[in-house]
Each structure stands twice: as structure tokens, then as C-alpha cells.
**Q** 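One structure, pasted below without further comment.
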Amino acid sequence: MFGPLLRAEHAFPYRDGMGTPEHTIASLRSAGVVLAGERRIPVAGPLGTAIPGGGLVRGSVVAVRGGPGSGAGSVTQWLLAAATATGEWAGVVDPDGVFGALAAQEAGVELDRLAVVRGVPARQWPRVVATLLEGLSVVAAAVPPRLSAADERRLVARARERSAVLIASGGWSAEAALRLAVEGSVWPGLDEGAGSLGGGGLDVAPGARRLRVTVTGRGAAARGRVVDLVWPPLPGGLAIPAVDVGAVPAEPPGQVAV
Amino acid sequence: MTPAPERMLCLWCPDWPVVTARLADPALAGRPVAVIERGLVLSASAEARDAGVVRGLRRREAEGRCPGLATAPVDEAAAMRAFEAVVLAVEALAPRCALERPGLLFVPTRGPSRYFGGDAALAGRLAGAVPGMDPRIGVADGTFAARLAARQAAPGVPVVVPPGGSPAFLAGWPVGVLDDPDLASLLGRLGLTRLGDFAALPSGSVLGRFGLAGLAAHRRARGSEEHPPEMRVPPPEWDETVEFDPPEARVDAATFSGRTLAERLVSRLGAEGLSCTRVRVEAETEHGERLTRTWRLEGPRSSTGPGLLAERVRGQLEAWISRGEGTEREDEVTGGLTLLRLVPDEVVLAGQSQLGLWGGDRAAAERAARALVRVQSLLGTGSVVTPVLQGGRTPAERVAWVPFGQDPPVGAEAAAPWPGALPPPFPAVVFDPGRPAALLDPAGEAVMVSARGVPSGEPARLRCEALVGGGGPVEAWAGPWLHDVRWWDPAAHRRRAWWQVVAAGAACLVATEGGSAYVEGLYD
């Protein structure tokens with residue numbers, strides 16, 4: 001007598017969202033149900049192999065740090081590409097107007113689903129970011145200096161409420177589901193006056209570079225790992241998985257323990 | 001048998017964009033003129049048409065076909081303002097006119113024709129009311145037939161199709177006039193070259209073979225109502241209203257509210273499975289003036305998004321607010337707007353233009369648009385931009401930043417060859433303009449590049465505020481590559497040398513020009 005009941009159960013999503021027939025997903029979605037598998041935005045390429053679950057958790061904050069030229073800008077663009085690849089919209093808060101759209105396209109961002117907000121006064125920053133989180137799936141924003149802890153907490157709550165992802169670059173002291181510290185990148189191909197950037201080294205594809213990223217976070221990522229990424233992937237879309245190069249130092253410099 | 005549609009008079013001013021351009025610049029009168037929209041000819045004057053300039057031609061080709069052709073950019077707002085005078089003259093004689101676009105309006109003739117003594121008399125009156133515009137006037141049952149009648153009319157000679165004569169009048173026209181190229185070409189291949197052939201098909205078969213859009217075209221071809229008569233009177237609670245306190249005198253601010261109203265109206269109707277084919281724009285001013293104007297929103301497939309409606313509202317507001325500028329008129333709008341209302345005048349079942357069943361991409365786009373428009377209201381329209389790639393050599397040149405919600409400008413051709421363009425990878429951080437820097441050789445002198453591309457020394461140090469610690473010793477470098485920018489124009493001529501330099505842990509794109517250097521981007 002439980003037979004039909006058990007079969008019906010298969011139509012409902014498990015927490016991991018595996019094996020759910022597509023038409024049932026559609027009918028559930030229309031009923032306002034958020035599926036477990038939809039709670040993550042999958043990230044392609046080596047970065048996806050480096051972060052726990054292979055994607056960005058909706059409704060969370062990702063903190064990215066790294067100085068100018070370290071590669072933090074590219075890491076942010078890869079995360080934006082993940083959002084636009086699903087057909088959703090991504091936004092960038094770029095007060096200085098320095099966002100490189102060509103590089104973003106190279107990273108896989110669909111430019112017609114990307115909006116950039118420029119000229120944001122520091123005073124308006126929390127309000128602008130909160131407004132963007134209401135409509136866009138992923139918002140990348142450079143955190144202005146001296147952002148109050150209360151504002152940070154409000155944005156964490158807003159992201160959770162709207163199931164959006166905030167990628168905060170710079171100093172973010174409130175809670176974050178994922179922290180990526182980019183420590184620098186190595187570009188093969190440059191010589192004393194010869195060659196060009198990404199001109200190809202011995203062990204990587206032409207145009208590739210190597211990035212070292214420290215990944216920490218909550219839950220499965222609590223232990224953290226330090227990985228080397230090679231980007232872009234080999235011709236043919238074959239991604240080189242992230243390579244673990246060591247454990248996270250006990251107290252990563254410049255990071256606030258979560 | 002469906003009842004005959006309402007009798008309509010169509011007033012058409014041909015080549016309205018050209019008329020507007022000539023009003024703006026009287027020197028263009030008598031010369032061949034083409035109005036250009038996004039690099040293509042939108043409208044051409046009779047002289048230019050005689051020389052072979054047709055709509056959709058590329059600008060350069062048009063200039064080749066017609067030497068001495070004067071071109072003007074399209075100015076929708078000016079076209080609307082100029083047409084406002086025509087509308088006022090028509091309204092004085094016949095009420096309830098509905099505009100479709102600047103240059104084209106429809107008037108139901110039942111009342112005015114009886115008053116003036118027949119359709120021909122009304123047409124003559126209207127032609128006399130707008131001197132100098134030589135409008136073409138056609139009268140027939142239904143808007144589609146009236147429009148074709150106006151197309152057939154000559155200046156001063158209106159074409160009046162007798163009541164009940166629309167089907168016979170339409171039968172001889174080619175199917176191309178249905179304004180649906182896909183359908184027309186398919187009908188042509190089926191051997192149905194005239195509207196009469198198409199109209200003779202049973203409507204059930206047309207619906208089965210051509211879908212809802214085909215059915216609407218079939219109704220037009222038969223000279224019956226374009227839309228089925230259900231749901232003709234929308235309830236008043238569907239009106240969208242905004243009140244301005246304090247009164248709003250600025251066009252852009254009022255337009256902004258108009259856009260929001262348009263979006264609300266369209267999304268509300270969309271939720272009901274309807275789309276709006278005629279909308280009434282109403283406004284009140286602080287001095288108690290009431291303005292109202294009706295617009296027909298008729299696409300070839302009656303897919304009416306908020307964009308078209310918002311554009312019509314903007315044009316109407318501009319026409320009202322600038323009405324009477326420079327001239328003393330009784331009907332001048334004297335104060336700021338206190339109220340703006342959009343009334344859906346006629347709605348029909350939405351055909352294929354409804355939201356995807358499960359939301360999907362379109363829903364995501366609309367959700368994003370709402371948030372972005374709110375940010376624009378906080379910071380200004382130009383603060384939210386989207387990147388559009390165009391042709392160019394440097395990373396900064398190759399991206400045009402277009403304010404969200406606006407059409408991209410016609411930029412340089414991206415597909416054209418750009419010799420000397422910087423190759424990928426591209427910098428993730430682009431400084432436009434570049435940040436001042438110093439690229440120094442081992443002796444501490446600025447690195448210069450000769451006209452033949454020979455550097456005066458090897459780069460040894462890069463200093464720039466944008467780098468960690470203000471820069472440092474050069475770890476690796478490549479270049480220089482020379483760009484001779486606008487060598488044909490002595491005033492704008494610049495010679496820049498490009499370098500890739502790794503310093504202070506960052507790979508930088510550096511440009512040098514004479515003795516100065518700029519960091520143009522970071523491969524971040």
C-alpha cells in the first residue's frame with residue numbers, strides 16, 4: 001500500500017536536487033518551491049573545482065581579496081560569468097569606471113546580461129548594492145573603506161532574503177560563505193623585451209596564466225585549501241583541475257576568522 | 001458574418017522624419033535629404049528617392065547613389081513636437097483621433113462626417129487645416145484599409161472607399177502590404193500573391209497553418225476587425241496613475257515616471273494574458289489644464305512591450321511640455337505636471353507575446369531591469385551602463401558604455417580589420433584615461449620610442465600610483481608596439497607606443513607618448 005506513495009516521493013526533490021524529472025521541477029517552481037540544486041550557481045573551469053560544491057551558494061556573500069594585479073579582478077569576472085551563463089543577470093559596482101569588459105567577455109561573461117554601476121558615492125554604496133541585490137543574481141562590488149559593520153550585516157541579510165550572491169572585494173569583515181584570497185599570478189611568455197603576455201610557457205596552454213588562491217569558508221570549506229589554477233583552460237574546453245599546494249596557514253594574513 | 005469595422009480616416013504625412021529635418025534646418029528644402037538611423041536610411045525625400053535612395057540602405061551607399069545627398073540624424077522628439085501642431089489642427093475638427101507614430105494618425109469618421117456632410121468633405125477640411133504638409137488622406141472601414149487608401153491618395157485628392165467596400169478595395173493589393181515579410185514570402189510561394197487570394201481561405205485553416213499572427217493578418221486582409229471583439233472595455237482599475245508633488249516641469253523626470261507606469265501597465269496586462277493595442281495618455285498640470293492623447297500601439301505582430309509604450313509616452317510628454325515654445329499659443333502648457341495617467345483603451349488577448357510559462361530568462365531580465373531602473377533613479381540615468389563591444393585597437397576603445405535602457409550608438413565596426421589591435425589576453429582593469437606613470441631606463445631617464453619603434457633604453461622601473469607601493473623595478477617586459485593614431489589628421493595625430501610590463505607584482509599595459517607614460521590597464 002505504500003508503493004504509490006514511495007513512487008510519488010521520487011517526484012519531489014531531494015536536498016541535493018539529483019534525479020528529479022524536469023517537468024516536476026517546472027511544476028514545483030511554479031508553486032514557489034526553491035529546489036536544493038538551484039541554491040547553487042555552478043562555476044565552470046578550474047575555479048569550480050577549487051570551491052566547495054563547485055558553485056556559489058545563493059543568498060550568501062563571497063569575499064574576494066587581492067592587491068592590484070594579483071588576479072582578484074579575473075577571479076571576480078569568472079564568478080560573474082557563472083551567473084550570466086545560467087541566463088541570469090549580473091551587476092558590478094565600479095565607482096572608478098575601471099571594469100575591463102573585454103576581459104570579462106574573455107572570461108565568459110555574457111555582456112548583454114551585465115550591468116555596471118559607475119560613480120557611486122561612498123555614502124550611497126550600501127543602498128545601491130542593496131537595490132541591485134533585489135533584481136540581479138550576482139552583484140560584485142568593491143567595498144569602500146570604513147563601511148560600517150551594521151551596513152555589512154544588512155547586506156548579508158538582504159542577499160539571503162533575495163537569494164542573491166554578493167561578491168565583496170576588498171575588506172569584508174562580516175560573515176561570508178566563501179573567502180577567496182588571491183595571492184598573485186604568474187604570466188608565462190614575457191621576456192626581456194620579447195614575447196607577449198600569455199605567450200605560452202613550457203607546461204601550459206598558450207595564453208594561460210597561473211594563479212594561487214587560498215579558499216576558505218564555512219562548512220565543508222572550513223579547513224581551507226591553497227590551490228594553483230591555470231586559466232584559460234586548454235583548447236577544447238578541457239579544464240585543468242585546481243592543484244592543492246598546501247594547507248592554509250593557521251591565521252591567514254589579513255583575514256578575519258569566521 | 002462579422003460586422004464591418006468602425007469607419008476610419010487615415011491622415012498620413014509621408015516622409016515625416018524628412019519633413020522634421022527640413023523644419024529644423026530650412027536650408028535642406030529642395031535638396032535631396034535622407035534621415036539616418038543607426039547607419040541606415042530611415043526616410044528619404046522625394047528627390048533622393050528619385051536617385052534610388054530607399055529605406056534600409058547603408059549611408060555610404062545612399063551617398064554614392066545620390067551625390068549631394070544631405071543626411072540628418074533621426075530626432076524622434078523633434079518629429080513628435082512637429083507633429084503635435086498637426087494633431088492640434090485635426091483635433092479642432094474631429095475628436096478622438098489616435099496616433100500611431102509621428103506622421104500617421106487615425107480619426108473615427110462617424111460623427112465628424114455627418115457634421116461636415118460626408119467623408120470627402122471631412123477629408124477636404126482636414127487637408128485644408130494643415131497647410132503646407134500636403135497630407136495623404138484615406139477613408140475606409142477599418143484602420144488597415146484606411147491606411148492603404150491614404151497610401152493610394154495623392155496630395156489634395158483623398159481616396160474614399162465606400163462603406164462596405166473595404167474587402168473589394170483590399171483584394172487587389174499584394175500580400176507584401178501586410179507588413180509581415182515572413183508571412184508574405186510564404187504566401188507568395190503558395191501562389192497567394194493578392195490579399196484577395198489570402199482572404200478567400202477559411203479562417204480555421206489559416207489559424208491552423210499560420211497561427212495567431214497569421215489569423216490577425218487574415219482578418220486585416222478580409223477587411224474585418226483586426227482584433228476579435230472580446231475584452232474591449234478594460235475596467236478602470238487597470239489605469240496606472242502617478243501624481244507629482246511638487247509639480248514636475250522637467251521632461252526627463254516625468255518621462256522616468258512614465259516609463260515606470262508603462263512597465264506596470266504592461267506587466268499587469270501581461271499577468272491577465274492581455275496586451276494593449278490602444279492607450280490613452282492623460283496629464284494634468286498645476287494650473288488645472290487637462291491633456292489627453294490616444295496612441296495606437298500596433299506592431300506587425302501586435303507584440304507590445306513596455307519599450308514602445310514608454311517611448312510613446314516620452315514623446316508625448318516632450319511634445320506637451322515644449323508645446324508653444326517660441327510662439328504665443330492659447331493651448332500652451334503653462335505649468336508643471338501634477339498627474340500622469342495611462343489608460344488602456346483597448347486590450348486584446350496577447351498572442352505569442354506573453355511571458356515564458358515558467359518565468360525563465362525574460363522574467364530574470366525584467367526583475368533585473370526593475371532594480372537597475374531604481375538605481376538610475378538614485379544616481380542618474382548615465383550611472384548604470386552596459387558594455388557594447390565595437391571596433392578599435394585598445395581595450396578602452398573597443399568598449400562603448402551605453403546607459404541602461406538606451407539603444408547602443410552606431411560605433412566603429414567590430415568585424416572590420418583593425419591592424420595593430422592589441423591581442424588577447426585583455427586587462428581586467430582598464431583605466432580610461434590612463435593613470436600617469438613613469439617608465440624609466442636603468443639610468444633613470446624616461447624611456448622614449450623613436451618613429452621607427454626603437455626604444456631609447458630598456459625599461460627598468462615603473463612608477464604609478466595605481467600599483468602596490470607606487471610601483472617598482474621591472475621584472476619582465478615586452479614591446480614596444482607602435483600605434484600611429486589618426487596620422488591623416490595633423491591636429492589629432494598621436495604616436496603611442498604600447499608595452500606589457502610586469503612590475504610590483506602586477507602585469508600592466510603601459511602606453512608611452514613622447515616622454516610621458518600611462519598605465520592603461522592591469523592584467524588583474
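Small disclaimer: the values here were computed from a predicted structure and weren't measured. Just the heavy atoms: all of them, side chains too, but no hydrogens, waters or symmetry mates, feed the values below. Proteins come first, then strands; the chains are lettered A, B, ... in the order of their sequence lines, and each starts at number 1.
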**Q** Among V385(B), V384(B), L509(B), which residue forms the greatest number of heavy-atom pairs with chain A at distances under 4.5 Å?
**A**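 Max contact count across the listed options: V385(B).
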**Q** Donor-acceptor pairs under 3.5 angstrom involving side-chain atoms of residues 91-103 of chain A: please list them, not counting sequence neighbours.
**A**
from	atom 1	to	atom 2	distance (Å)
D94(A)	OD1	G97(A)	N	3.3
D94(A)	OD1	V98(A)	N	3.2
D94(A)	OD2	V98(A)	N	2.9
D94(A)	OD2	F99(A)	N	2.9

**Q** Is it the backbone or the side chain of L378(B) that comes under 4.5 Å from a heavy atom of chain A, or both, or neither?
**A**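 Interface part for L378(B): both.
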**Q** Going by the rule salt bridge (charged side-chain N to carboxylate O under 4.0 Å, His left out), which residues pair with E134(A) if we only count those two or more places apart in sequence or in a different chain?
**A**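 Salt bridge (charged side-chain N to carboxylate O under 4.0 Å, His left out) check on E134(A) returns R158(A), R374(B).
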**Q** What are the residues of residues 120-129 of chain A, in order of number, with any heavy atom under 4.5 angstrom from a heavy atom of chain B?
**A** V120(A), P121(A), Q124(A), R127(A), V128(A)
**Q** Can you say whether R398(B) sits under 4.5 Å from chain A via the side chain, the backbone, both, or neither, judging by heavy atoms?
**A** side chain
**Q** What part of W401(B) gets within 4.5 angstrom of chain A, counting heavy atoms only: side chain, backbone, both, or neither?
**A**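 Contact with chain A involves the side chain of W401(B) alone.
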**Q** Select one option (side chain, backbone, both, neither) describing which atoms of A104(A) are under 4.5 Å from chain B's heavy atoms.
**A**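 Contact with chain B: none, neither part.
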**Q** For A115(A) and T386(B), work out which heavy atoms get closest and say how close.
**A** CA-CG2, 4.1 Å
**Q** Minimum heavy-atom separation for S74(A) and A428(B), please, with both atom names.
**A**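 Taking every non-hydrogen atom into account, OG-CB, 4.1 Å.
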**Q** Please look at P395(B) and chain A and tell me whether the side chain, the backbone, both or neither of the residue comes under 4.5 angstrom of a heavy atom of that chain.
**A** both
**Q** Can you check whether R118(A)'s main-chain N or O pairs, donor with acceptor, with S383(B)'s side chain at less than 3.5 Å?
**A** no
**Q** List the residues meeting side chain to side chain contact (heavy atoms under 4.5 Å, CB included) with S516(B), not counting sequence neighbours, and say none if there are none.
**A**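 Y518(B).
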**Q** Tell me which of these, G119(A), S137(A), A72(A), has more heavy-atom pairs under 4.5 Å with chain B than the rest.
**A** A72(A)
**Q** Can you say whether V468(B) sits under 4.5 Å from chain A via the side chain, the backbone, both, or neither, judging by heavy atoms?
**A** both
**Q** Below 4.5 Å from any heavy atom of chain A, which atoms of A396(B) appear? Answer side chain, backbone, both or neither.
**A** neither
